[in-house]
Participant: 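What follows is a single structure, and I will ask about it in a moment.
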Amino acid sequence: LYAAHYYGLRILAERIEDHAGNTTRFFALANHFNPKTGNDKTSVLFAVSDEPGALYTALEAFARSGVNMTRIESRPNRLFPWQYLFYADVEGHHEDNEVRDALQVLKSRVTFLKILGSYVKTDPKRPIRLEKEKIRQTPSASG
């Protein structure tokens with residue numbers, strides 16, 4: 001509710017968490033890429049071959065290009081048992097020279113790559129949860 005209000009989005013389904021303490025990450029889908037702002041983050045999805053050092057070799061692309069990775073997580077691949085997909089966030093827009101170069105190298109080292117998109121980074125000093133009270137106290141938010 002708070003994220004939808006904050007970003008002006010329509011809610012498709014409510015209370016989808018399986019644990020009350022979960023933190024949910026939302027994606028806004030579009031048929032275009034966001035323009036560069038100079039304060040961006042890019043999310044990618046990729047898979048690596050099942051061999052020693054494959055993930056290390058893939059991630060080396062970011063280190064050598066000077067691109068800071070801010071998050072990585074793995075999820076089971078539903079199509080191929082015992083294989084995993086990796087979600088990663090890096091600082092910068094996919095059109096920035098360093099990020100573009102890193103993604104080109106990454107593409108050559110993985111078995112699958114999808115650029116999920118680039119978007120404006122949120123300010124870690126002002127996370128959306130701090131806006132909850134403002135929204136809750138707004139009369140239009142209660143209806």
Side-chain angles (χ1 to χ4, degrees), residues 1-138 140-141:
L1 176 66
Y2 299 113
H5 177 78
Y6 186 81
Y7 292 106
L9 301 172
R10 184 170 55 98
I11 297 173
L12 299 177
E14 291 188 52
R15 304 193 188 287
I16 60 172
E17 73 275 358
D18 57 0
H19 186 274
N22 281 358
T23 301
T24 303
R25 189 168 182 197
F26 296 93
F27 287 92
L29 303 177
N31 61 359
H32 64 276
F33 283 112
N34 292 322
K36 291 169 50 168
T37 68
N39 185 36
D40 301 300
K41 186 185 283 189
T42 297
S43 294
V44 297
L45 174 66
F46 64 93
V48 297
S49 58
D50 186 14
E51 60 186 56
L55 181 58
Y56 171 85
T57 301
L59 298 180
E60 184 183 38
F62 296 116
R64 294 216 182 241
S65 296
V67 174
N68 186 36
M69 179 182 296
T70 60
R71 177 187 186 117
I72 186 168
E73 59 185 78
S74 63
R75 294 284 183 249
N77 186 334
R78 293 180 185 183
L79 300 177
F80 302 103
W82 304 107
Q83 293 184 6
Y84 291 85
L85 295 171
F86 295 91
Y87 294 88
D89 292 343
V90 298
E91 290 182 343
H93 193 279
H94 72 274
E95 293 176 348
D96 292 342
N97 291 337
E98 298 83 6
V99 176
R100 186 183 64 241
D101 293 347
L103 292 174
Q104 278 300 110
V105 173
L106 178 66
K107 185 176 183 177
S108 72
R109 296 179 177 187
V110 299
T111 58
F112 169 80
L113 174 64
K114 174 75 174 173
I115 300 170
L116 300 175
S118 296
Y119 46 92
V120 178
K121 286 191 298 188
T122 56
D123 182 352
K125 295 178 183 173
R126 291 184 46 86
I128 192 172
R129 66 182 167 270
L130 296 179
E131 299 294 321
K132 284 182 179 181
E133 288 304 313
K134 290 180 189 175
I135 295 169
R136 191 176 5 202
Q137 294 170 6
T138 302
S140 63

Participant: Rounded to the nearest 0.5 Å, what separates atom OH in Tyr119 from atom CG in Asp40?
Facilitator: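 Between Tyr119 OH and Asp40 CG, I get 10.0 Å after rounding to 0.5 Å.
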Participant: Closer than 3.5 angstrom, by distance alone: can the side chain of Arg71 be matched with the main-chain N or O of Asp89 as a donor-acceptor pair?
Facilitator: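 Not at all, since once roles are kept as given, no pair shorter than 3.5 Å links the two residues.
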Participant: Please name the pair of heavy atoms, one in Leu113 and one in Lys107, separated by the smallest distance, quoted to 0.1 Å.
Facilitator: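 Smallest heavy-atom distance, with atoms named: CD2-CB, 3.7 Å.
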Participant: Kindly indicate whether the side chain of His93, heavy atoms from C-beta on, has any atom under 4.5 Å from the side chain of Thr37.
Facilitator: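 Of all side-chain heavy-atom pairs linking Thr37 with His93, none is under 4.5 Å.
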Participant: Using 0.5 Å steps for rounding, measure from the NZ atom of Lys36 to the CG atom of Asn34.
Facilitator: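 Those atoms lie 13.5 Å apart.
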Participant: Going from CZ on Phe86 to CG on Leu59, what distance comes out if it is rounded to the nearest 0.5 angstrom?
Facilitator: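 Phe86 atom CZ to Leu59 atom CG measures 8.0 Å (nearest 0.5 Å).
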Participant: Looking only at heavy atoms, which two atoms of Phe46 and Ala88 are closest? And how far apart?
Facilitator: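 Answer, listing the atom of Phe46 first, then Ala88: CE2-CB, 4.1 Å.
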Participant: Any chance you could measure Glu60, atom CD, to Ser65, atom OG, to the nearest 0.5 Å?
Facilitator: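 Rounded to the nearest 0.5 Å, the CD-OG separation comes to 10.0 Å.
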Participant: Please check if the side chain of Asp101 supplies one atom and the backbone of Glu98 the other of a donor-acceptor pair under 3.5 Å.
Facilitator: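 Such a contact is absent between Asp101 side chain and Glu98 backbone.
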Participant: Would you indicate whether the side-chain heavy atoms of Val48 and Tyr56 approach each other to under 4.5 Å?
Facilitator: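 Tyr56 does not reach Val48 side chain to side chain.
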Participant: Taking salt bridge (charged side-chain N to carboxylate O under 4.0 Å, His left out) as the definition, give me every residue that meets it alongside Arg10, ordered by chain and number, with sequence neighbours left out.
Facilitator: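 Applying salt bridge (charged side-chain N to carboxylate O under 4.0 Å, His left out) to Arg10 gives none.
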Participant: For the atom pair CD1 (Ile115) and CZ (Arg100), what is the distance rounded to the nearest 0.5 Å?
Facilitator: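 One finds 11.0 Å between CD1 of Ile115 and CZ of Arg100.
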Participant: For Thr111 versus Ser49, what's the shortest heavy-atom pair and its separation?
Facilitator: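 It is CG2-N, 3.8 Å.
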Participant: Write down the atom of Leu106, the atom of Ala61, and the distance for their closest heavy-atom approach.
Facilitator: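 Shortest heavy-atom separation between Leu106 and Ala61 comes out as N-CB, 3.8 Å.
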Participant: More than 12 heavy atoms of other residues, nucleotides or ligands under 6.0 Å from CG of Asn68: yes or no?
Facilitator: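 Buried by this count: over 12 neighbours within 6.0 Å.
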Participant: I'd like to know if the side chain of Asn77 and the backbone of Leu85 have a donor-acceptor N/O pair within less than 3.5 Å.
Facilitator: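 No, the answer is negative, given that no donor and acceptor are paired below the 3.5 Å cut-off.
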Participant: Please round to the nearest 0.5 Å and tell me the distance separating atom OG of Ser74 and atom CG of Leu55.
Facilitator: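 Reported value, rounded in 0.5 Å steps: 9.0 Å.
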Participant: Kindly say whether His94 contributes a backbone atom to a donor-acceptor pair with the side chain of Thr42 at under 3.5 angstrom?
Facilitator: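 Here the side-chain-to-backbone pair exists.
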